[in-house]
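Written out below as C-alpha cells is the structure these notes cover.
Numbered from 1 within each chain, the chains take letters A, B, ... in sequence-line order.
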Amino acid sequence: MKKAQVKQLENIDIDKFQQDLISWFEAEQRELPWRKDKDPYKIWVSEIMLQQTRVDTVIPYFQGFIEQFPTIEALSNAEEERVLKAWEGLGYYSRVRNLQSAVKEVYENYDGKVPADPQEISSLKGVGPYTAGAILSIAYGIPEPAVDGNVMRVLSRILSIWDDIAKASSRKVFEAAVRALISHDNPSYFNQALMELGALICTPTSPSCLLCPVQEHCDAFREGTQNELPVKTRKKKHRHVQIVAAVLQNAEGKFLIHKRPDKGLLANLWEFPNTEVIQAFINEKDQLNEMVKDAYEAEIQIGEMIGQIEHVFSHLTWNINAYQGQVRSIAKESAEVKLVTAEEMKAYTFSVSHQKIFQQFIQHIEKEG
DNA sequence: TAGACGTGGGT
DNA sequence: TACCCAAGTCT
C-alpha cells in the first residue's frame with residue numbers, strides 16, 4: 001500500500017492542490033471563537049476540547065473556559081475543582097487535568113510561553129502528535145502535520161490510501177503524506193483546510209464530491225471509491241455493568257457525596273454512593289449498605305427506588321438502579337466524603353451519569369408532592 | 001497494540 | 001436497539 005500512496009502523490013500537482021484547498025478555506029471557513037486570534041494558549045485549549053468532540057458542543061465550553069481562565073497564568077493558578085467544573089459535561093475529564101498540569105509546566109519552565117519546538121511541545125501532558133502539529137502550525141506557522149480523523153479520511157480518498165485508519169500505525173503514513181503536500185507559505189490554513197474539508201465536504205457518509213474544491217486531485221472520485229474509503233475496522237462491542245446507587249440525606253436534608261479516585265474513569269469527579277452489583281451476592285440494597293458501612297463508616301437506610309438509568313460510555317454501559325434513603329450517622333466525613341446542601345452541591349463536579357441520578361431524585365420528590 | 005477514557009447526535 | 005461518529009492521548 002505504501003507503493004500506491006507514493007504513486008498517487010506523484011500524480012498530484014502540489015502547488016495547484018495547495019492553492020485550490022487554501023482558496024476554498026479562505027472563502028468558506030466557519031467563524032469559530034478560537035479563530036479570532038492566534039494566541040497559542042487559546043488554540044491549545046480549543047484543540048484539547050475538540051478531541052473526539054463536536055464543534056457545536058465545544059463552542060459554549062470554550063467561551064466559558066476562556067472567560068474564567070483567560071491566560072496561562074490564570075489557569076496555572078486556578079483550583080482544580082473550579083477547572084473541572086468548567087469542563088463538567090464535556091467528557092474525557094483527564095484532558096483538562098492534563099491541560100492544567102501542562103499549563104503549569106509552561107508557566108514554570110517555559111516562562112509562560114507555549115514552546116514552539118516540536119519536541120518540547122510534545123513532551124507536555126496531553127499533547128500528542130495531532131495537538132502538537134495543530135498548535136505549531138496554527139499558532140506559529142510551522143509546517144508540521146496535524147493528522148486527525150478528518151485528515152486521514154480526506155487523504156485516504158485523495159491519495160487512495162487503503163491502510164486501516166483504526167490502527168495506530170497508520171497515522172505515520174498520513175503524516176508522511178502531509179509533509180509532502182503541506183504549504184510552507186501557509187501551513188496554518190493548509191492544515192485547517194484539510195480538517196474543514198473533512199467536516200463540511202468530505203464527510204464520512206455521502207461526501208459532497210460535486211462541491212469539492214479539490215475534486216480534480218482526488219483519486220477516489222476518479223475511481224468512484226469515495227464510499228469505500230477510508231478503511232476502518234470496527235470496534236468490539238462493549239460490556240454492561242450493573243450499578244446500585246443512592247441519593248442519601250441526613251436529618252438536616254444534606255446529601256452524602258463522594259469524590260472518585262484520582263485515576264481511571266471519571267477521575268476526581270464527585271458521585272452519589274454506588275457500587276457494582278455482584279451477581280452471586282445478596283440483594284443490591286444490602287450490597288450498597290455494606291459498601292457504605294465499609295468505605296464511609298456510615299449507617300444508612302435505603303428506601304424506595306427512584307429510577308432506573310442506562311448510561312452509555314464509549315467503552316461500557318452502566319445500568320443503574322437508583323434509590324433514595326437516609327443517613328443515620330456518619331463517622332468519617334473527609335476531603336472525599338461530604339454532607340452538603342443542594343446549593344453547596346452546585347460547586348462540585350459530577351459526571352452526566354450522576355446528574356441523571358439526581359434528576360431522578362428530584363422528579364421522584366416532585367411526584368410525591 | 002488494543003483498550004480505557006465521556007458525551008450527545010445521527011441513522 | 002445498537003451501532004457509528006466527532007479536531008486523540010495515555011498506558
Side-chain angles (χ1 to χ4, degrees), chain A residues 25 29-30 32-35 43-62 84 87-99 101-102 121-135 137-139 145-154 164-172 174-175 178 188 191-200 202-207 230 232-241 260-269 271 310-319 349-356:
Chain A
F25 182 71
Q29 65 169 298
R30 292 166 290 180
L32 269 13
W34 46 90
R35 286 182 176 163
I43 304 292
W44 185 3
V45 170
S46 75
E47 291 302 342
I48 301 296
M49 285 190 171
L50 257 358
Q51 288 170 9
Q52 302 291 286
T53 310
R54 288 186 156 71
V55 164
D56 289 343
T57 303
V58 167
I59 289 173
Y61 280 94
F62 176 80
L84 274 174
W87 206 270
E88 185 179 53
L90 239 199
Y92 286 146
Y93 299 94
S94 68
R95 286 184 296 175
V96 74
R97 300 196 308 125
N98 287 154
L99 173 63
S101 165
I121 199 170
S122 299
S123 74
L124 299 170
K125 271 187 196 159
V127 179
Y130 163 74
T131 305
I135 297 171
S137 61
I138 298 170
V147 174
D148 70 339
N150 289 123
V151 172
M152 289 197 280
R153 182 173 61 257
V154 169
D164 179 1
I165 66 167
K167 294 198 183 306
S169 58
S170 296
R171 202 197 62 250
K172 63 181 187 298
F174 292 91
E175 284 177 347
V178 172
S188 167
N191 279 343
Q192 291 187 77
L194 236 29
M195 293 188 274
E196 196 83 338
L197 190 69
L200 301 181
C202 195
T203 48
T205 57
S206 32
K232 189 177 188 180
T233 53
R234 41 178 56 194
K235 293 173 186 169
K236 293 180 187 175
K237 60 179 176 190
H238 66 225
R239 73 199 162 90
H240 287 235
V241 174
R260 295 176 61 87
D262 66 2
K263 285 192 168 63
L265 185 63
L266 307 173
N268 281 5
L269 299 198
E271 65 183 1
E310 181 186 75
H311 188 76
V312 181
F313 297 93
S314 48
H315 59 301
L316 64 88
T317 295
W318 278 352
N319 292 106
T349 309
F350 291 80
S351 68
V352 170
S353 52
H354 282 266
Q355 292 173 32
K356 287 180 183 173

(message) Both L32(A) and V127(A) contact DNA chain C. Which one's nearest nucleotide lies toward the 5' end?
(response) L32(A)

(request) Could you pick out which residue, K125(A) or R35(A), lies toward the 5' side of DNA chain C when each is mapped onto its nearest nucleotide? (result) R35(A)

Just checking [X]: base, sugar-phosphate only, or nothing, at a heavy-atom cut-off of under 4.0 Å?
{"X": "T57(A)", "value": "nothing"}
{"X": "K356(A)", "value": "nothing"}
{"X": "W318(A)", "value": "nothing"}
{"X": "L90(A)", "value": "base"}
{"X": "V58(A)", "value": "nothing"}
{"X": "R153(A)", "value": "sugar-phosphate"}
{"X": "R30(A)", "value": "base"}
{"X": "S351(A)", "value": "sugar-phosphate"}
{"X": "G264(A)", "value": "sugar-phosphate"}

In whole angstroms, how far is the [atom2] atom of [N] from the [atom1] atom of [X]?
{"X": "L265(A)", "N": "dG6(B)", "atom1": "CG", "atom2": "P", "result": "5 Å"}
{"X": "E88(A)", "N": "dG6(B)", "atom1": "CD", "atom2": "P", "result": "14 Å"}
{"X": "K235(A)", "N": "dG3(B)", "atom1": "NZ", "atom2": "C1'", "result": "9 Å"}
{"X": "K237(A)", "N": "dC4(C)", "atom1": "NZ", "atom2": "C1'", "result": "15 Å"}
{"X": "R239(A)", "N": "dG3(B)", "atom1": "CZ", "atom2": "P", "result": "12 Å"}
{"X": "R97(A)", "N": "dC5(B)", "atom1": "CZ", "atom2": "P", "result": "12 Å"}
{"X": "Q355(A)", "N": "dG6(B)", "atom1": "CD", "atom2": "P", "result": "14 Å"}
{"X": "L99(A)", "N": "dC10(C)", "atom1": "CG", "atom2": "C1'", "result": "15 Å"}

Taking [X] for its side chain and [Y] for its backbone only, find out whether a donor-acceptor pair lies under 3.5 Å.
{"X": "S170(A)", "Y": "D164(A)", "result": "yes"}
{"X": "Q29(A)", "Y": "A193(A)", "result": "no"}
{"X": "K172(A)", "Y": "S169(A)", "result": "yes"}
{"X": "R153(A)", "Y": "G198(A)", "result": "yes"}

Which side-chain N or O atoms in residues 124-135 of chain A pair as donor and acceptor under 3.5 Å with protein atoms at least two apart or in another chain?
unit_1, atom_1, unit_2, atom_2, d
K125(A), NZ, S101(A), OG, 3.4
Y130(A), OH, E47(A), OE1, 2.6
T131(A), OG1, Q51(A), NE2, 3.0

Short side-chain N/O contact to [N] OP1/OP2 from [X], under 4.0 Å:
{"X": "S353(A)", "N": "dG6(B)", "result": "no"}
{"X": "R54(A)", "N": "dT7(B)", "result": "no"}
{"X": "Y92(A)", "N": "dA4(B)", "result": "no"}

(message) Any donor-acceptor pair, under 3.5 Å, between the side chain of Y130(A) and the base of dG8(C), if you only look at N and O atoms?
(response) no

(message) Quick check: on DNA chain B, is the nucleotide nearest H315(A) upstream (toward 5') of the one nearest K167(A), or the reverse? Name the residue that is more 5'.
(response) K167(A)

(message) Quick check on DNA chain B: between K263(A) and T205(A), whose nearest nucleotide comes earlier from the 5' end?
(response) K263(A)

(request) Would you indicate whether R239(A), at its atom CZ, is surrounded by more than 12 heavy atoms from other residues, nucleotides or ligands within a distance under 6.0 Å? (result) no

(message) Give me the distance, rounded to whole Å, that separates dG6(B) from dT11(C) when you measure between the P atoms they each carry.
(response) 13 Å

(request) Could you give the distance separating dC3(C) and dA4(B) at their P atoms, to the nearest angstrom? (result) 16 Å

(message) Let's go through L266(A) and S353(A) carefully: what are the C-alpha distance in whole Å and the side-chain angles of both, what is the deciding distance for side chain to side chain contact (heavy atoms under 4.5 Å, CB included) to 0.1 Å, and is it a yes or a no?
(response) CA-CA 10 Å; L266(A) 307 173; S353(A) 52; 4.2 Å; yes

